Structure formats: C-alpha cells, structure tokens
There are 4 protein chains.
Amino acid sequence: MRQKSAAHGNRGGGRRKRSPGRPRSEQARLSILSSTLKLLGENGFSELTIEAVAAHASVGKATVYRWWPNKAALIADAFASSTTRKLHFPDTGSVRTDMSQQMRQLVKIFRSRRGRIVSAILGAGQSDRDVIGAFRERFMKPRRQEAYDTLRRGILRGELCEDVDMDLLLDSLYGPIYMRFLIRHDKLTPDFVDRLCELVLSGACPCRNLPTPGMS
Amino acid sequence: MRQKSAAHGNRGGGRRKRSPGRPRSEQARLSILSSTLKLLGENGFSELTIEAVAAHASVGKATVYRWWPNKAALIADAFASSTTRKLHFPDTGSVRTDMSQQMRQLVKIFRSRRGRIVSAILGAGQSDRDVIGAFRERFMKPRRQEAYDTLRRGILRGELCEDVDMDLLLDSLYGPIYMRFLIRHDKLTPDFVDRLCELVLSGACPCRNLPTPGMS
Amino acid sequence: MRQKSAAHGNRGGGRRKRSPGRPRSEQARLSILSSTLKLLGENGFSELTIEAVAAHASVGKATVYRWWPNKAALIADAFASSTTRKLHFPDTGSVRTDMSQQMRQLVKIFRSRRGRIVSAILGAGQSDRDVIGAFRERFMKPRRQEAYDTLRRGILRGELCEDVDMDLLLDSLYGPIYMRFLIRHDKLTPDFVDRLCELVLSGACPCRNLPTPGMS
Amino acid sequence: MRQKSAAHGNRGGGRRKRSPGRPRSEQARLSILSSTLKLLGENGFSELTIEAVAAHASVGKATVYRWWPNKAALIADAFASSTTRKLHFPDTGSVRTDMSQQMRQLVKIFRSRRGRIVSAILGAGQSDRDVIGAFRERFMKPRRQEAYDTLRRGILRGELCEDVDMDLLLDSLYGPIYMRFLIRHDKLTPDFVDRLCELVLSGACPCRNLPTPGMS
DNA sequence: CAATAATCGAGACGGTACGTCACGTCTTCTT
DNA sequence: AAGAAGACGTGACGTACCGTCTCGATTATTG
C-alpha cells in the first residue's frame, strides 16, 4: 500500500544505521503525490496514467514504480497524504446539531473538487481492496472515533438510548450521504442533511421507544 | 447506451419492412452479454477487456463495437439484461415487514457472486456517467417505483406520516446497505437489515413525532 | 529470419485458401524495410531503434514486432530485400580481368553509403547467427556461384590449375577486402584490388605465371 | 581510451608526490576487467551491460564510469589487458614455415573461447571507431611489426621479392582467416592455413615459385 | 435466380500506455 | 579522494488493448 520499503529516513527510536546509497528524494515523492491528486481531480481514475503523473511531476516513470506497485496504491497514498484536517465534530450540547454540522461539512467536501478524488478512490476501491482499505483506515476511521465521542456525549445527556448501536446509527446517518454521492440519483444538499438527521436521530431517541409495528 | 441502431428486429406496431441484409445475430448478442458478465464477475471492471469478451464469446471484436459504443455501455447492458426478476416487494400488511424482506433479498444478492458485478458497475460508474446512469435507470428506478407503492400502502394504513419524504426515507433505508456494501467496513447481515428498518422506520412513524431535541 | 508467417498472399502453385482476417499490408512492410535501411545507414546498428523505425515508417510498433522477432531479423530482411542487382561478373576472356572488375565494384559499394549498412550487418552478425546467416545466404552465396563459373572458365582456358581449390582461391581474393573493410587499418582502393588479384592469381597458376593481360 | 586519469599510481622517475585521497583500488580494476571478459564471452557484446559488470565485480557502477568512458572503452581495455603473450613468430629459416606456424596459433585462438571475445570486439567495432581502433593498436599492430621482421628475413634469404608490398602480402595471408572467422561460411582449419600460405606466398616469389620447404 | 446489402468471424492496422531495464549521473556514508 | 550502494531522470524495450479497417463467407430481402 505505502512505500515498498521504509529503509530510508527511519530514525525512529534507536540509533538506526541509515541504509547505504543515495536516499530517497522527498521532493520527488511530494511532487508525485500532488501531481496524482491534481490529475485525478481533473480526469478521474481510468484516465489517470502513471505516464502522465511522472511527466507532470517531472520525474522518471521508474521512480513512481520504485515506490508504488500500481496505480491503486499510488492514489491511495496520495489521498491519504492529503486528508483534510477539517471535518471536526463540534460540541454544541446537542447530538443532533453536532452531527448535522459535521455532516454538512462532509457534504461540502463531496461537492467540491475534492469530491472527485473521493469518488475516484471509492470507485477504484471496488476492484482493489488496498484502496478501499486505505480509505477506511485513513479517512473514515479517525472520523468515526470522533463520532463515537459525540454520540457518547449524547448518551450522557440523555439524548440517546444507553444501549444504542453506534455503528448502526452512524451508518444510518452517513450511508444515505454516500449513497447519493455515489449513485447521484438525488440532490446532496444541506437541507437533506438536516432532514436526514432528524429522521434517523428521532428513531434513536430513548424517551419512549415507540413500539415496533405489529407489537402494539 | 443501448444498441446504436434499432434497424433490425423491430417489430413494433404492425408490419414494418425489415431492412435488407443479414439480420443481427441474436446468438452473438447473447454470447457477448453472458461472456461480459462472466468475465466481469471473475476479474473486475478494469481487468475486463473487450478483446477478451470477444474471444470468450467467439465473436469478432467489430461485432461488439458495432452494437455497443464502449465498455461502459456493454457492461451496463449486460447487467441490465440479467437483472434479477426477484427483489419484489411483498405485501404483508406491515411496511416494516415489507421493506425488511425486500432489503434482505437485496443484501443476499450483494453478498452473492452477482454482488461482484454490482460493485464493479458502481465502481466503474464513478468515472463514467453512462454506467452509473444505467444502474440508476435500469436497476434502481424500477425497484424504487415498487417501494413507493409499498410506502403508500403504509401511509394508508397509518403506519407512516402522510407527509413523509419518501425519497429521504428510502435513502435512509438503503443508503446504509450500499455504504457497507461498498466500503466494507462492517458486516452486511440480515440482522443488520432488521435493526436498520427498526431504527429508521421508528423515526418515520406518525403517531407522535417526537419533538426535535432542544425544541421541547 | 523472414516473416514469422507466410500465411498471407501465398498463391504459389495450387489454389490455396487465403487465411481469414485482414491481409498483411504490403505498404507497411515496404515502408518498414526502407526506413530500416535509411536509419541503419545514418546511425549504425546500435543506434537503430525499432521505435524510430516505426515512427519513420508511420507504422505502429506492434506491426514491426508482429513480423520480425527482433532487430537483427529486421535488418537482415531489410538488407536482403535491397540486395544490389549489380555486382555481376563480366566475361572478358581473362580470369584476372573478370575478377578484378567485379572486386572493384564490390569495393565501390563498400565505400559508398551502402557500405555502412554492410558493416552494420556484419557487426550485428557477430552476436546473432541469423544475421550473419542472412548475409551469407542472400548476399554472398549468389555471387559466389557466379564466381565459380568465372573460375571454371579460367580453368577451361588454362589460366588456372585444374585442381585449384576454388573456395580457398576466392577467400584469398575477397578476404583481404573484407579485412580492410572491417578493420580499417589500410586503404581500400581499386589499385589495391588490382595488386591483390595479381598476387593471388599468380599463385594459382599451374606451372608458370601467365603474363598479366595486355602484356603478352 | 584508457583510463581517464593517470593521477594515481604514477611512480615514473623520482619521488613524485602522490595525489591526495584514497588511491585507486587495483583490486577493483582487475575485478572489473575480468568480469567484463567473462560476461563478454558468455553473452556477446550487445547483452553485456555495465550494470551486470559492476554487480558481478561487486563494484559500484560509478567506479566503472570513473575509469572508462563507455562500454567500448571497457571491452577494448579488457581485451587488451588479456592479450595473449603468445602468438610469437618463430624463426625457422623459412618465411612460409614462420608465417604458417603463427597463423595456426591465431586460428587456434579464434576457435577457442577467446575467439568469442575477439568477434565481439570486431562486431562492436563496426559501430564504434574506438573499439576497432583499440583492436588495431593493441592487438594487430604489435603482431604486424613482428610480421614485418619475419618477412624482411625472407627477403634477405631471397625467398621473397625485394620490392614486395608487405602490407598487401600480410593482408592476403590474414584476410582470408578473418573472413572465415567473421562470416563463418567455411572451415577454419590448420590445413586451410597451410594451403593459404602456399597459395599466397607462391605468388610473392620474385621469379620462380620456390619449392615448398622440405622439398628442395 | 441473380443482385444487393448488411452481418458475421478473423485478424492486421496505427496508436497509447503499460511495467521493466539499462543508461549515465547524482548523493549519501564508509574507507 | 575513491569506494560501494543505490536512487535519480531518461528513453527504448516488447506486450496488451484500444477502436478501426479490410478481407472472404454467410444470410437475408429485392428485382
């Protein structure tokens, strides 16, 4: 997924001897990654050629292949290296507001030029498990950890059931966004996000769990 | 998207004159479509080559290109031609049961060998609007029409609000399934479907819309 | 050495069925061969790239590789297809004059732009037996057959021993020319040819050195 | 052609200051040269890569390039450094025996594993004047000087004309050997050498063909 | 029945990008 | 300063498919 070798520049912890030979060019690495993102945003995954990436980065094709085994690994790495520092969860005192605000940010990104890259990653990920894995680990997981915290605050405040299935709840909140983002069958607006939050979170409210249909 | 020409085999309305020349070979058409599905299921979209399809179908490459403008149109057609006749919505008298049963069928398909094809379509669709369009029109839309009927029955029975946003509701039900199917971050089980239905539909229940948080 | 397949265009003798598919393009073939000769004459063997040949011939690289397995086969074929129709042996009534005149023609070719090609062939032939084989069979052999005839006429006229070793004699005549041509340690002039003929042929006379022509 | 710099290891005349820094590694030099010969004998010129030479000699690539400007210079040097100390001309009292014996030795080398190297050199020399130049200067010229002496002894003994063209004569003797060696159209046997000597030297006799040695 | 016309399988065509290899240069640390 | 190591930009390699094109053969309608 990542670099084929971490032999260079590793001075983590002990006094590692640097491996001999010319060290990897950090400049080339960065240039390749940013060229990848640029071209990916312009033309989509299937039009992205390593030849073009190398040319645009003023780098030899072999240098790309030396460090990334294939196109999928390259874009996964490029995406991960650029992951937005934004998308934080606020703490407003209301689960629904917290979630809604973060989800609006996500939608904003999906609708921006970066959204092109995300959909390229998810598309490529359908035929390459490393790519989809990188998306999960580097993009999704960190945010989900924060989301857990947000939900937990809601539980403490009594806004959510104590025994709520957080994964189910979060997938119910984000799933529709991903669905509209990927299938493009309907609008992906801030208003949609709000109504989605209302619908799903109202089902997760503890006060009185409405009886399931047919049981009343 | 479909065939480039409908000159042959058109028997729509009365006694049309068949155009001269050798008619299109139905056998070749079927052989191409089934070869496409087979290879798509084996290797994914990006590994699918028209060269291989033609060879596997014992057909000239030009015959493929004569009827389908590109790979995307081909797999869209192949997929559509094979769309399961199943996936019907039952009418059990309960919205939740109706939806739950259909969604379970969908999940079953997603987890079967055909799921590979669906994910290939959706993945390819991220860089080809024709493909994702074909998926929407031929796979999703017909089912959604049926789903509208199912929801409408629920409304009549009083199980759902009269003013429920059906698109929002359906996306909330199916979105999490697509999300888990595409991102593969969590299990896609029948139990998940049930709990998902419970969560979402309980939020769409009319009886008493719980006040939105902070408004009570 | 030659084309990988002779499946096309063979109507020699019987009524052969032509193999199916688009027939080989004669125009492409000729364009490739002449481009090869041109570039070979300009830059020598090691600078000759198939990429350049294809580009110069306005032909796809694959078309070159489809018919010639490697560079050596290509230049062997190109050389053979261009073999000079000249280099005939005259019949003046004197072995020495006959040989001398033909050898002068050969030297003239060696010193011309075509000589560059010949030396490239012989050079490449040192690491590829097919190339040197093509040179022997297509260039050398036909001329040697004519040379035998010339020598035989000399024997009949009494200019040469009856039991002369014709191969030895011919190698003695041509070897020095090839040597100077390839090692370039000394001039390759018409005068050199004449004195070479005199030296060698005087040694092939049965009993007494025949006087040089025109001196008797 | 040779080393780019003679800064090191010069002990010519007196107490020269050795230039500072680490002296050139004689071991590396020898290892490179012998690796070159080994690989050249195995695979021919065009398959010989500097990369492989360096790897086989356990030497950095830059070390090769520091001392030899290109592949041609390298193999020329490698060849020269290994030039057989043999190939001397005997002094038997007969030109023909002297020449014949030396030529037999040459043929023996041509037919040995070292012949592979010689033909690689001559082949490479067709597209690189430095290589063929090195062959002339280091291999051919020294022997030719000895050959002149041998011929001069023959003149003094009356075996050869006084005004014989020694270059023509030597090319007539060696040319056929090189021709058969390079074009491989006929056998290169000791017997061939003998008959070649007889043919050519009998033509170089001043007035009458001297009887073959041992027959007088 | 012959002529016309469009399809078929086959496969060569001019291209583009692939992923690999060697080139000759460079940058690092070690000797 | 030379050494081994090995990454660098460059460019040709030989391959795989692209989508187009010519073939002869086949199968229909039309005259």
Side-chain angles (χ1 to χ4, degrees), chain A residues 5 7-8 17-25 27-29 48-52 54-55 57-67 69-71, chain B residues 5 7-8 17-25 27-28 48-52 54-55 57-67 69-71, chain C residues 5 7-8 17-25 27-29 48-52 54-55 57-67 69-71, chain D residues 7-8 18-25 27-28 48-52 54-55 57-67 69-71:
Chain A
S5 146
H8 297 266
K17 265 267 213 47
R18 191 211 292 258
S19 77
R22 179 176 177 170
R24 177 174 183 184
S25 161
Q27 177 184 322
R29 190 185 134 258
L48 180 76
T49 68
I50 295 211
E51 200 120 6
S58 301
V59 142
K61 232 189 332 175
T63 300
V64 180
Y65 284 108
R66 180 152 33 230
W67 301 107
N70 51 53
K71 206 161 63 169
Chain B
S5 150
H8 298 266
K17 271 263 223 30
R18 206 225 268 298
S19 72
R22 178 174 179 172
R24 176 174 183 182
S25 161
Q27 177 185 322
L48 179 76
T49 68
I50 295 216
E51 200 114 7
S58 301
V59 143
K61 244 195 313 179
T63 301
V64 180
Y65 284 108
R66 183 158 22 235
W67 301 108
N70 50 52
K71 201 163 64 171
Chain C
S5 149
H8 297 265
K17 265 265 218 42
R18 192 219 283 263
S19 78
R22 179 175 178 169
R24 177 173 184 184
S25 161
Q27 177 185 321
R29 191 185 135 258
L48 179 75
T49 68
I50 295 212
E51 200 120 6
S58 302
V59 141
K61 232 187 334 171
T63 300
V64 180
Y65 284 109
R66 182 155 28 232
W67 300 108
N70 52 52
K71 205 161 64 170
Chain D
H8 298 267
R18 204 224 268 296
S19 72
R22 179 174 174 173
R24 176 173 184 184
S25 160
Q27 177 186 321
L48 179 75
T49 68
I50 295 215
E51 200 114 8
S58 301
V59 144
K61 246 196 308 180
T63 303
V64 180
Y65 285 109
R66 179 154 30 233
W67 301 106
N70 50 52
K71 202 162 68 172

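Because the structure is predicted, anything quoted here is derived from the model rather than measured.
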**Prompt:** In whole angstrom, what separates B:Q27's CD from F:dT27's P?
**Reply:** 11 Å
**Request:** May I ask you to evaluate whether C:W67 reaches the phosphate of E:dC13, defined as a side-chain N or O under 4.0 Å from OP1 or OP2?
**Result:** yes
**Request:** Test the A:R24-A:W67 pair against the cation-pi criterion, namely NZ or CZ under 6.0 angstrom from the six-membered ring centroid and within 45° of the ring axis.
**Result:** yes
**Message:** Judged by each residue's nearest nucleotide on DNA chain F, which is more toward the 5′ side, C:A52 or B:K71?
**Reply:** C:A52
**Request:** Go through F:dC18, E:dG9, E:dA12 for me and flag the one nearest to the C:R24 side chain.
**Result:** E:dA12
**Request:** Could you tell me the separation between the CZ atom of A:R22 and the P atom of E:dC26, rounded to a whole number of Å?
**Result:** 9 Å
**Request:** Report the distance from atom CZ of D:R66 to atom C1' of F:dA5, rounded to the nearest whole Å.
**Result:** 13 Å
**Complete:** A:Y65 has its side chain closest, among E:dC13, E:dC18, E:dC23, to E:dC18
**Message:** Here's a test of your reading of the structure: between C:G60 and A:I50, which maps to the more 5' nucleotide of DNA chain E?
**Reply:** C:G60
**Euclidean distance, atom CD of residue D:E51 to atom P of F:dA4 [Å, nearest integer]** = 14 Å
**Fill in**
The residue, C:T63 or D:K61, whose nearest nucleotide of DNA chain E is more 5′ is C:T63
**Item:** Closest to the A:P23 side chain, choosing from E:dG19, E:dT27, E:dC13
**Value:** E:dT27
**Asked** Closest nucleotide of DNA chain F for A:A28 versus for C:L48: which of these residues is on the 5' side?
**Response** A:A28
**Request:** Report yes if a side-chain nitrogen or oxygen of B:S25 is closer than 4.0 Å to either non-bridging phosphate oxygen (OP1 or OP2) of E:dT7; otherwise report no.
**Result:** no
**Side chain of D:V59 (C-beta onward), nearest among F:dA7, F:dA4, E:dC8** = F:dA4
**Asked** Between A:N70 and A:I50, which heavy-atom pair has the shortest distance, and what is it?
**Response** C-CD1, 4.5 Å
**Request:** Kindly indicate whether the side chain of D:T63, heavy atoms from C-beta on, has any atom under 4.5 Å from the side chain of D:R66.
**Result:** yes
**Request:** Compare every heavy atom of B:A28 with every heavy atom of B:S25, then report the nearest pair and how far apart it is.
**Result:** OG-N, 3.0 Å
**Prompt:** So what does C:A62 hit on the nucleic acid, given a heavy-atom distance under 4.0 Å: a base, only sugar-phosphate, or nothing?
**Reply:** base
